[in-house]
Amino acid sequence: MPQAPRIICLAGPTGAGKSAIALALADLLPISVINADSRQVYRDFPIITAQPSPEEQGRCPHALYGFLGCREKISAGRYAQKAGAAIAQSLAQGRLPVLVGGTGLYFKSLLQGIAEIPAVDEAISRTLLERWDAEGGQVLHRELAAIDPAYAAKIHFNDRQRVLRALEVWQGTGKTFTWWHARPLPAPAFQTLNLGLALPLDELTPILGARIRIMLKADAPGEARTALERCPDPAAPGWSGIGCRELYGYLQGEYTLEECLTLWLRNTRAYAKRQLTWFRADQSLAWFRPEESKTLLGAALRWLDS
RNA sequence: GCCGGGGUAGCUCAGUUGGUAGAGCAGGGGACUGAAAAUCCCCGUGUGGGGAGUUCAAUUCUCUCCCCCGGCA
């Protein structure tokens, strides 16, 4: 039986320097960088979402960056499909696929698979959302508990996103969320080396602040202004990125640039904290600090030789 | 200087007919199966500006001092 192909995953909180490490690896080996970040997929926000620059993307093939319009939505499942295709393409070119990003769920659905639940009719989702607003979470959570007590017990009645998702899957497919989750997934298709790049939050915070100032110099407000002309709907999926929202408020005159920057940093920091919580729980990750890049690259090369 | 309004959690503020106080945000911890940069859960002792008085009991009432914000001089 042939060995599963190898890929490298580089995960960690925003601002830790993952993209730079990927490029350093590109200097040593033929690789393709594949995005594993849910916001860097948006075409209209290359600066604000910190996508690798065109120059950087020219140094080796990059996939899944900036390919979505502001109104388009991608899901974890669709991401996994696209990433799988990008990996296959990279391997076909004789390049090592290197997944780089900070979206834990995307890594998980790619590497461990995600239940193959068919798409649910949007009318169902819409009706449920209306009912949530009209009847409240407790009513819908109780309804979920009646059909899927195991999953209902795992989530809080205030967790709108999860309560509604579980209900729409039940209504749309006639099977419970728990039933779908219990179905076996295909065996992992790759051998992976999981690398984590991180700093403690208090060390990361000043870096996040500096990065926002760099984005400002690179005319992040101009980027937001252009996006606003193209897509004036702040509820559009593309606008939900941190920095986008805050700049939107500033451009609408809701607050000053100063306040916008404060909010932006605060929200970025809170996000980095959530990422750290997610990745900390992942036992498969080998952790490095940004200044340990040589050690990290050495570990990658050794793993490839083994 | 006078007249108001304030001084309560890191910040913005609420409340206590007198029985030593609680929200939002921030901060800390956690969860995470198709919107995940999303969504959600748990965590609140703080010289109640300082001092004095009344009272069994004062953050609350009284006096006084200090500081802030308006207005008048």
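Order of the sequence lines sets the chain letters (A, B, ...), proteins ahead of strands, with each chain counted from 1.
- Between the CD atom of A:Gln112 and the C1' atom of B:A36 there is a distance of 15 Å, rounded to whole Å.
- Comparing B:U16 with B:C11, their C1' atoms are spaced 23 Å from each other, to the whole Å.
- Atom-to-atom, CD of A:Glu168 to P of B:U33 comes out at 13 Å; the value is rounded to the nearest Å.
- When the side-chain nitrogen and oxygen atoms of A:Arg165 are compared with OP1 and OP2 of B:G34, one or more of them lie within a distance under 4.0 Å.
- Taking every side-chain heavy atom of A:Ala115 into account, B:G34 is the closest of B:A38, B:C41, B:G34.
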Protein-to-nucleotide contact annotation, 5' to 3' order, nucleotides 22-32 of chain B [B base; S sugar-phosphate only; - none; under 4.0 Å, heavy atom]: ---SSSSBBBB

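- Side-chain atoms of A:Thr268 and A:Arg211 form no donor-acceptor pair, as typed in the model, at a separation below 3.5 Å.
- With P as the reference atom, B:U8 and B:G51 are 16 Å apart, rounded to whole Å.
- The nucleotide B:C32 finds no pairing partner, because no Watson-Crick or G-U wobble arrangement with both distances shorter than 3.5 Å includes it.
- Judged by distance alone, with hydrogens and angles left aside, the side-chain atoms of A:Thr103 form no donor-acceptor pair with the main-chain N or O of A:Leu105 at under 3.5 Å.
- Residue A:Gly102 is in sugar-phosphate contact alone, with no base atom involved, counting any heavy-atom pair closer than 4.0 Å across all strands shown.
- Here B:U60 sits opposite no nucleotide as a Watson-Crick or G-U wobble pair (both hydrogen-bonding atom distances under 3.5 Å).
- Using P as the reference atom, B:G49 and B:U39 are 37 Å apart when rounded to the nearest Å.
- Searching all strands for a Watson-Crick or G-U wobble partner of B:U17 with both distances below 3.5 Å returns nothing.
- Residue contacts shown for A:Thr14 are absent, as no nucleic acid heavy atom lies under 4.0 Å away.
- No hydrogens or angles were tested; on distance alone, nothing pairs the side chain of A:Gln161 with the base of B:A35 as donor and acceptor under 3.5 Å.
- Between the P atom of B:U39 and the CG atom of A:Leu140 lies a distance of 18 Å, rounded to the nearest Å.
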Stepwise side chain to side chain contact (heavy atoms under 4.5 Å, CB included) test for A:Leu25 and A:Ile8: CA-CA 11 Å; A:Leu25 196 57; A:Ile8 287 182; 4.2 Å; yes

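- Summary of the strand contacts: A:Ala182 and A:Gly241 both lie near RNA chain B, and taking for each the nucleotide with the nearest heavy atom, the more 5' one is attributed to A:Ala182.
- Defined by atom type and a distance below 3.5 Å, a donor-acceptor pair is present between the side-chain atoms of A:Arg269 and A:Thr205.
- Under the 3.5 Å distance criterion, with hydrogens and angles disregarded, no donor-acceptor pair is assigned to the side chains of A:Ser125 and A:Arg165.
- Between the side chain of A:Asp121 and the backbone N or O of A:Ile124 there is no donor-acceptor pair closer than 3.5 Å.
- Judged by Watson-Crick or G-U wobble contacts below 3.5 Å, the nucleotide B:G1 has B:C72 as its partner.
- Between atom CG of residue A:Leu144 and atom NZ of residue A:Lys154 there is a gap of 11.0 Å, rounded to the nearest 0.5 Å.
- Distance A:Leu144 CG to B:C40 C1': 15 Å, rounded to the nearest Å.
- Within the 4.0 Å cut-off from OP1 or OP2 of B:A38, at least one side-chain nitrogen or oxygen of A:Arg245 is found.
- Pairing partner, B:A9: none, since no Watson-Crick or wobble contact has both distances short of 3.5 Å.
- Taking CG of A:Asp148 as the start and CZ of A:Phe177 as the end, the distance is 9.0 Å to the nearest 0.5 Å.
- Remark: A:Glu116 CD is loosely packed, at most 12 non-hydrogen atoms of other residues, nucleotides or ligands lying under 6.0 Å away.
- Contacts of residues 207-240 of chain A with RNA chain B (heavy atom under 4.0 Å): A:Ser240.
- A:Leu164 places its CG atom 11 Å from the P atom of B:C40, with the value rounded to the nearest Å.
- Shown for residues 62-83 of chain A: residues whose heavy atoms fall under 4.0 angstrom of RNA chain B, namely A:Lys73, A:Ile74, A:Ser75, A:Ala76, A:Gly77.
- Using a 4.0 Å cut-off between charged side-chain N and carboxylate O, A:Glu143 and A:Arg131 make a salt bridge.
- Salt-bridge annotation for A:Asp44 and A:Arg230: present, with a side-chain N of the basic residue lying under 4.0 Å from a carboxylate O of the acidic one.
- Test A:Val120, A:Asp133, A:Leu164, A:Val163 against A:Leu128 for side-chain contact (heavy atoms from CB on, under 4.5 Å) and you get one pass: A:Leu164.
- In this structure, B:G34 is classed as syn because its glycosidic torsion stays within 90° of zero.
- If you check every strand for non-hydrogen atoms under 4.0 Å, A:His156 touches sugar and phosphate atoms only.
- Annotation: B:U62 and B:U54 have their C1' atoms spaced 7 Å apart (nearest Å).
- Per the geometry, CG belonging to A:Leu110 stands 15 Å off P belonging to B:A36, to the nearest Å.
- B:G5 and B:A9 have their C1' atoms separated by 23 Å, given to the nearest Å.
- Along RNA chain B, the nucleotide nearest A:Pro118 and the nucleotide nearest A:Gly243 are compared for position; the residue whose nucleotide lies closer to the 5' end is A:Pro118.
- B:U12 and B:G6 are spaced 14 Å apart, taking the C1' atom of each and rounding to whole Å.
- For the C1' atoms, the distance from B:G7 to B:U47 is 14 Å, rounded to whole Å.
- Side-chain N/O atoms of A:Tyr271 and A:Gln275 include a donor and acceptor closer than 3.5 Å.
- For the pair A:Asn158 and B:C41, the criterion of a side-chain N or O lying under 4.0 Å from OP1 or OP2 is met.
- Whole-Å rounding puts the A:Arg160 CZ to B:C41 C1' distance at 16 Å.
- Ring centroid separation for the pair A:Trp239 and A:Tyr248 comes in under the 6.0 Å cut-off.
- Distance noted for atom C1' between B:U55 and B:U20: 15 Å (whole Å).
- A:Thr256 and A:Glu258 share no side-chain donor-acceptor pair at under 3.5 Å.
- B:A35 atom C1' lies 13 Å from atom OH of A:Tyr271, rounded to whole Å.
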